[in-house]
Amino acid sequence: MPVVRFLREGRDVECYPGENLRDVALREDIQLYGLKGQLGNCGGCGQCITCFVDVVGSDVDSPLTGRTVVEDSKLRRRPESWRLACQALVEQSVIVLTRPQVRLADLDQKKAAALSEVLPAGPTAWPVVENVDDNDEGSEQES
Ligand code: FES
């Protein structure tokens, strides 16, 4: 399974391939929003532009799905590596900096350290669900 390395928080979190990055952060109680977003955000519709993340690494788009039309419009004046977490699906392991507009001490050193550790490649297959034998269910109802 892919791993999302949250640089600011110093946490690695596993997720399913294709999982929404905002959903992963919220599920893990990672603060995605600055004050404005905490006071009010669009709930993941791509309208409030408060769920910025900076994708760390040289090939910034490959671990996530490509930029959406909404992002192309809303992030015109932002760095190329910035994404809206609510618009990005995790395809492979990725390193992200939440709230990149907020200063983080020793950022360059932390980026270098995060990049030096190998993340699991991901994605792997979805979890295998064993087939339920229909005959077993039927026999339970009959007895
Ligand atoms: S949550 Fe509003 S743009 Fe992402």
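Below, each value reflects all heavy atoms present in this structure, side chains not excepted, and no hydrogens, waters or symmetry copies. One-based numbering, in listed order, for ligands and for the atoms of each.
Residues Asp54 and Ser81 bring a donor and an acceptor atom of their side chains to less than 3.5 Å of each other.
Counting heavy atoms closer than 4.0 Å to ligand 1, residue Gln87 contributes nothing at all.
Remark: ligand 1 atoms within the under-4.0 Å shell around heavy atoms of Cys42 are 1 (S), 2 (Fe), 3 (S). Close contacts between ligand 1 and Gly46 involve ligand atoms 3 (S) [criterion: under 4.0 Å to a heavy atom]. With ligand atoms numbered from 1 in the order given, ligand 1 contributes 3 (S) to contacts under 4.0 Å with heavy atoms of Gln47. Residue contact check: Gly44 has heavy atoms under 4.0 Å from atoms 1 (S) of ligand 1.
Judged by distance alone, with hydrogens and angles left aside, the side-chain atoms of Gln38 form a donor-acceptor pair with the main-chain N or O of Tyr33 at under 3.5 Å.
Atom 2 (Fe) of ligand 1 does not have Cys45 among its coordinating residues (no N/O/S atom, backbone or side chain, under 2.8 Å). At least one N, O or S atom of Cys51, from either the backbone or the side chain, sits less than 2.8 Å from atom 4 (Fe) of ligand 1. Backbone or side-chain N, O or S atoms of Cys86 reach atom 4 (Fe) of ligand 1 at under 2.8 Å.
Minimum interatomic distance between Gly46 and Val70 (heavy atoms only, all atoms of both residues): O-CG1, 3.1 Å. Residues Ser93 and Pro63 come closest through the heavy atom pair O-CB, 3.4 Å. Counting all heavy atoms, side chain and backbone alike, Leu7 lies closest to Val56 at CD2-CG2, 4.2 Å.
The protein non-hydrogen atom at the shortest distance from atom 1 (S) of ligand 1 is Tyr33 OH, 3.2 Å.
Residues Trp82 and Val96 are members of separate hydrophobic clusters, defined by side-chain heavy-atom contacts under 4.5 angstrom among Ile, Leu, Val, Met, Phe, Trp and Tyr.
A salt bridge between Glu9 and Arg99 is present, with a side-chain N of the basic residue lying under 4.0 Å from a carboxylate O of the acidic one.
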